[in-house]
There are 2 protein chains.
Amino acid sequence: MRIIVLQCSVSYEGRLEAYLPSAKRLILNKSDGCVAIHADGGAYKPLMWMNAPNRIIENLDEWVITNPKGEKLRIKIEEIFSDISYEFGDDPGLTKDGVEAHLQELLAENPQHLESGLTLSKREYFTEIGPVDLLCRDTNGIAVAVEIKRKGGIDGVEQLTRYLDYLNKDPKLRPVRGIFAAQQIAPQAKTLAKDREISTVEIDYDELRGMESLNLRLF
Amino acid sequence: MRIIVLQCSVSYEGRLEAYLPSAKRLILNKSDGCVAIHADGGAYKPLMWMNAPNRIIENLDEWVITNPKGEKLRIKIEEIFSDISYEFGDDPGLTKDGVEAHLQELLAENPQHLESGLTLSKREYFTEIGPVDLLCRDTNGIAVAVEIKRKGGIDGVEQLTRYLDYLNKDPKLRPVRGIFAAQQIAPQAKTLAKDREISTVEIDYDELRGMESLNLRLF
DNA sequence: AGGTGTATGTCGCAT
DNA sequence: ATGCGACGTACACCT
């Protein structure tokens with residue numbers, strides 16, 4: 001990791017063209033070769049950058065960074081205030097918890113959490129227009145398509161509606177109804193779902209995780 | 001801008017929960033208060049971050065950063081290798097050029113590029129549910145709504161469908177059909193569009209630009 | 001390598 | 001504030 005504080009101007013030509021007038025800025029050059037130019041504000045996103053893989057040509061007063069796609073970043077160096085380098089070694093990386101994948105996993109193992117008596121037919125049921133999160137059967141043997149989101153918005157209801165339209169064309173499945181499940185569901189999404197006769201279920205993640213650990217203890 | 005190289009472990013509780021085991025890393029603390037923890041790789045995105053506005057409690061061996069939404073970032077400091085600060089002053093910011101707006105501009109001037117004989121009625125035709133990129137008439141005088149994207153996905157087809165549903169309620173326009181135009185259109189989007197009887201056109205941007213420069217030479 | 005869906009997306013602009 | 005669409009989105013996962 002190389003960390004440089006300097007006065008510079010920068011230009012980018014690639015998917016768009018952009019230019020940064022001269023100012024005091026920070027450059028990060030990571031060991032994978034990527035370069036990022038930061039201002040002292042504006043959240044974590046750099047003003048400009050070039051990810052790996054790339055080729056860096058480093059002159060005294062200018063860096064020219066190009067990548068295989070033909071994009072070009074040009075840093076004009078006016079004055080260097082600090083230029084330090086450190087070896088970091090590999091980062092163990094982060095462990096995440098509580099994303100949509102995990103929700104889907106838990107609900108696939110506990111479909112009855114969505115509705116009493118519901119049983120799983122297929123997880124990630126593939127269609128031409130995308131994968132249906134869960135395909136289930138209810139106590140009457142009726143097919144049920146389940147769309148799972150962490151945050152349930154209108155777009156999720158739209159997505160499930162598309163799946164339902166598609167699935168209901170299949171004579172072997174028809175009729176298919178829908179359940180929209182999320183940790184939180186926006187009021188607008190609830191209204192839209194109701195309008196389309198789609199059930200909504202708000203999931204208590206901690207409760208679901210509790211059921212899972214109970215299963216683990218039992219079996 | 002404060003730049004710290006240190007051995008640390010980090011935890012985040014908020015929209016998800018995550019944990020970073022101890023390793024050598026870089027912390028950026030910008031003047032707006034935002035904090036980002038970088039590893040020496042993985043493009044420009046930090047491993048963890050907390051944007052402004054936030055409150056930072058800085059102890060000898062631990063930083064605790066919280067924001068009004070109740071998210072919490074905890075940095076456990078084990079060893080500091082470098083800790084430098086610089087004043088940057090305001091950044092003039094960047095100037096951009098050349099995105100979807102330009103594509104719309106070019107197609108507004110060359111609607112025949114979308115379909116032979118097509119003529120423009122209105123660019124950015126405003127409706128209650130949003131602006132229709134182009135409203136045209138075909139050779140039979142039938143109204144045509146055009147949605148333009150750089151990359152055409154399912155969401156774009158959904159958007160156009162909403163516009164068509166809306167426009168077809170207007171007796172002065174009805175019937176209205178749709179054209180979905182983009183530099184690239186995803187196969188799923190094509191399938192969905194076909195299913196809804198919406199035409200799709202993939203635009204060759206360079207060719208279109210060529211026509212434009214031809215126009216400029218002619219007139 | 002290319003396509004598709006997710007993201008602590010971020011960011012900007014509208015209401 | 002909140003919703004919605006664009007982004008040099010980046011990124012993981014899949015064929």
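Residue numbers start from 1 in every chain, and the chains themselves are labelled A, B, ... in the order their sequence lines are given, proteins ahead of strands. Keep in mind that this is a model prediction, so the values were computed, not measured.
With sequence neighbours excluded, the residues forming a ring-ring contact (aromatic ring centres under 6.0 Å, His included) with A/Trp49 are B/Tyr44, listed by chain and number. The side-chain hydrogen bond (donor to acceptor under 3.5 Å, both in side chains) search around A/Thr161 returns A/Arg196, not counting sequence neighbours. Annotation: salt bridge (charged side-chain N to carboxylate O under 4.0 Å, His left out) contacts of A/Arg137 (sequence neighbours excluded): none.
Between A/Arg15 and the phosphate of D/dA10, there is a side-chain N or O to OP1/OP2 separation shorter than 4.0 Å. An OP1 or OP2 oxygen of C/dG5 is reached within less than 4.0 angstrom by no side-chain nitrogen or oxygen of A/Arg162.
Between the CD atom of B/Glu71 and the P atom of C/dA7 there is a distance of 15 Å, given to the nearest Å. Distance CD (B/Gln188) to C1' (C/dT4): 6 Å, rounded to an integer number of Å. At whole-Å resolution of the value, OH in A/Tyr12 and C1' in D/dT9 are 11 Å apart. In this structure, A/Asp133 places its CG atom 7 Å from P of C/dT6, rounding to the nearest Å. Remark: P of C/dT8 and CG of B/Asn54 are 18 Å apart, rounded to the nearest angstrom. As a whole-Å value, the separation of B/Leu192 CG from C/dT4 P is 12 Å. Atom CD of B/Glu158 is separated from atom C1' of D/dC4 by 15 Å (rounded to the nearest Å). If you measure from atom CG of B/Asp155 to atom P of C/dT4, you get 12 Å, rounded to the nearest angstrom.
Residue B/Met48 is classed as a base contact, given a heavy-atom separation below 4.0 Å to a base.
Listed nucleotides D/dG8, D/dC11, C/dT8 differ in distance to A/Trp49; the shortest reach to its side chain belongs to D/dG8. In this structure, of D/dG8, C/dG9, D/dG5, it is D/dG8 that holds the atom nearest to the side chain of A/Met50.
Across the C1' atoms, D/dC7 and C/dA7 are found 13 Å apart, a figure rounded to whole Å. Using P as the reference atom, D/dG8 and D/dC4 are 22 Å apart when rounded to the nearest Å. Here, C/dG5 and C/dG9 have their C1' atoms 13 Å apart, quoted to the whole Å.
Within the structure, salt bridge (charged side-chain N to carboxylate O under 4.0 Å, His left out) pairs that include any residue of residues 186-195 of chain A comprise A/Lys190-A/Glu202 (at least two apart or interchain). Screening residues 19-31 of chain A for salt bridge (charged side-chain N to carboxylate O under 4.0 Å, His left out) gives A/Arg25-B/Asp91 as the qualifying pairs, with residues at least two apart or on separate chains.
The stretch residues 36-46 of chain A touches DNA chain C through A/Gly42, A/Ala43, A/Tyr44, A/Lys45, each having a heavy atom within less than 4.0 Å of the strand.
B/Gln7 and B/Ser22 share a donor-acceptor pair across their side chains, judged by distance under 3.5 Å alone.
Under the 3.5 Å distance criterion, the side-chain polar atoms of A/Asn54 are matched with a main-chain donor or acceptor of A/Asn51.
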